[in-house]
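Just so it is clear: chains get the letters A, B, ... in the order the sequence lines come, proteins before strands, and each one is counted from 1.
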2 protein chains.
Amino acid sequence: METYDINQIKAELETKGIRPSFQRLKVMEYLHQHKNTHPTAEEIYAALAPEIPTLSRATIYNTLHSFSEHGLVNCMSLDGIETRYDMWIEHHGHFRCEKCGMIRNFPVKLGDLQMDGLEHYEIKHRNIIFTGICPDCTNQTKLEKGDEQ
Amino acid sequence: METYDINQIKAELETKGIRPSFQRLKVMEYLHQHKNTHPTAEEIYAALAPEIPTLSRATIYNTLHSFSEHGLVNCMSLDGIETRYDMWIEHHGHFRCEKCGMIRNFPVKLGDLQMDGLEHYEIKHRNIIFTGICPDCTNQTKLEKGDEQ
DNA sequence: TTCTATAATTAGAATTGTTCTATAATTATA
DNA sequence: TATAATTATAGAACAATTCTAATTATAGAA
C-alpha cells in the first residue's frame with residue numbers, strides 16, 4: 001500500500017481552504033491510497049473506524065461533500081444505489097457490469113468529444129458511465145447455455 | 001402534448017417479449033410523451049396515479065426495470081439521489097447544475113470517443129454526465145457579489 | 001495560559017428512494 | 001371451465017444519506 005506524506009495532504013487541503021482536521025486528513029489519505037477503486041462512503045468509514053473509534057458516518061459524508069465541492073474528488077453513482085468517490089487524476093470512464101457489479105476504469109480522451117450548447121456552463125465534474133456485461137459474465141452465460149443443450 | 005398510437009407502443013413491447021399490460025402501456029406512453037425530461041419513477045407514478053387509482057409504485061419500478069433490461073429506456077442517476085429514465089433516441093449527454101438542479105441535454109458524438117480496453121465488453125448503456133454551474137446561477141452569484149460590495 | 005467564538009465531530013433519529021413480501025387479480029392455455 | 005403462470009397491489013422493510021442537538025476541538029484575542 002502506497003503511503004503519502006501527511007504534510008503534503010495537509011497542504012493540499014489548506015490550499016483549498018479546508019481545515020485539515022485529523023478525520024479529513026485520514027479520509028484524504030485513504031482516497032489517495034485507493035485512487036482507482038472509487039470507494040463508497042461506507043467503505044471509507046469501515047476502513048477508518050477501527051483507527052478512529054469515535055468516527056461518525058456523518059463526518060465521512062460531510063468530508064466527502066466538502067472535498068467534492070472543492071474539486072478534490074469526483075463523485076458519481078454507478079449503480080443508482082450508492083455514491084462512489086474518485087480522486088481526480090485524469091479523465092477516465094467507468095464500465096459497470098450489470099451482472100457481477102464489477103467496475104472497470106477505461107481511458108477516455110474527452111478532448112475529442114464535441115459538445116455544443118455548453119458554452120456558458122461552468123463544468124466542474126465529468127463522468128462517463130457505461131454499463132453492460134463484462135467478458136467473464138458473457139463467457140459464463142455461454143458455458144451455462146452450452147451445458148443445458 | 002404529443003400523442004402516440006397505442007398499438008404502435010403495444011407492438012414495441014411485444015417485439016421485446018414484454019406482455020403489454022395496461023400499466024406498462026401507460027408507462028411507455030408517458031415516456032414517449034416526455035422524451036427529453038428524463039422523469040423519475042415518482043414523477044411517472046404521480047402522473048399516472050389519478051388515471052389508474054390502484055396503481056402501485058412497485059409496478060412503476062418493475063416496469064422501468066423491465067424496460068431498461070430490454071434496452072427500451074436508459075436509466076441513470078444524475079444527482080446520486082434518484083434514478084431518471086430516458087427514452088433512447090440518440091446519444092446525448094446530461095448536464096446538471098449543482099445549485100438549482102436544472103438538467104440540460106447536450107448533443108454528443110460518441111463515435112469520436114476513443115476507448116481502449118473495452119473490446120470484449122458488451123456495452124448496453126452509455127451515459128455522459130457533467131455537473132457544474134449553469135449560466136443562470138453563475139449570473140445570480142455575480143449579481144449577489146456585486147450587491148454586497 | 002484562559003476566554004470566546006467558530007467550526008468540526010458525534011450518536012442516533014429521521015428521511016427517502018427503492019425493494020421485498022404476501023396476497024389478489026389478470027391472463028394464457030389446456 | 002379449470003389450472004397455471006404472470007402481473008399488479010398495498011404496505012412493510014431496507015439501506016444510503018441527511019438531519020438534529022449536543023459535545024468537542026480549534027484559532028485567535030485578551
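The partner of C:dA24 is D:dT7, by the rule that a Watson-Crick or G-U pair needs both atom distances under 3.5 Å. Across all strands shown, the partner of D:dA29 is C:dT2, judged by Watson-Crick or G-U wobble contacts whose two distances both fall under 3.5 Å. In a base pair of the Watson-Crick type (N1 to N3 plus N6-O4 or O6-N4) or a G-U wobble (N1-O2 and O6-N3), with each distance short of 3.5 Å, C:dA13 is matched with D:dT18.
For the residue pair B:Asn36 / B:His92, no side-chain donor-acceptor distance below 3.5 Å is found, with atom types taken as modelled.
Every residue two or more places apart in sequence or in another chain that forms a ring-ring contact (aromatic ring centres under 6.0 Å, His included) with B:Tyr30 is listed here: B:His34.
Using a 4.0 Å cut-off between charged side-chain N and carboxylate O, B:Glu14 and B:Lys16 make no salt bridge. Using a cutoff of 4.0 Å between basic side-chain nitrogens and carboxylate oxygens, B:Glu42 and B:Arg57 are scored as salt-bridged.
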List the protein contact pattern of nucleotides 6-20 of chain D with one symbol per nucleotide (5' to 3'): B for base contact, S for sugar-phosphate-only contact, - for none; contact means a heavy-atom distance under 4.0 Å.
-> SSSBB-----SBBB-

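To the nearest 0.5 Å, atoms CE (A:Met102) and CZ (A:Arg96) are separated by 9.5 Å.
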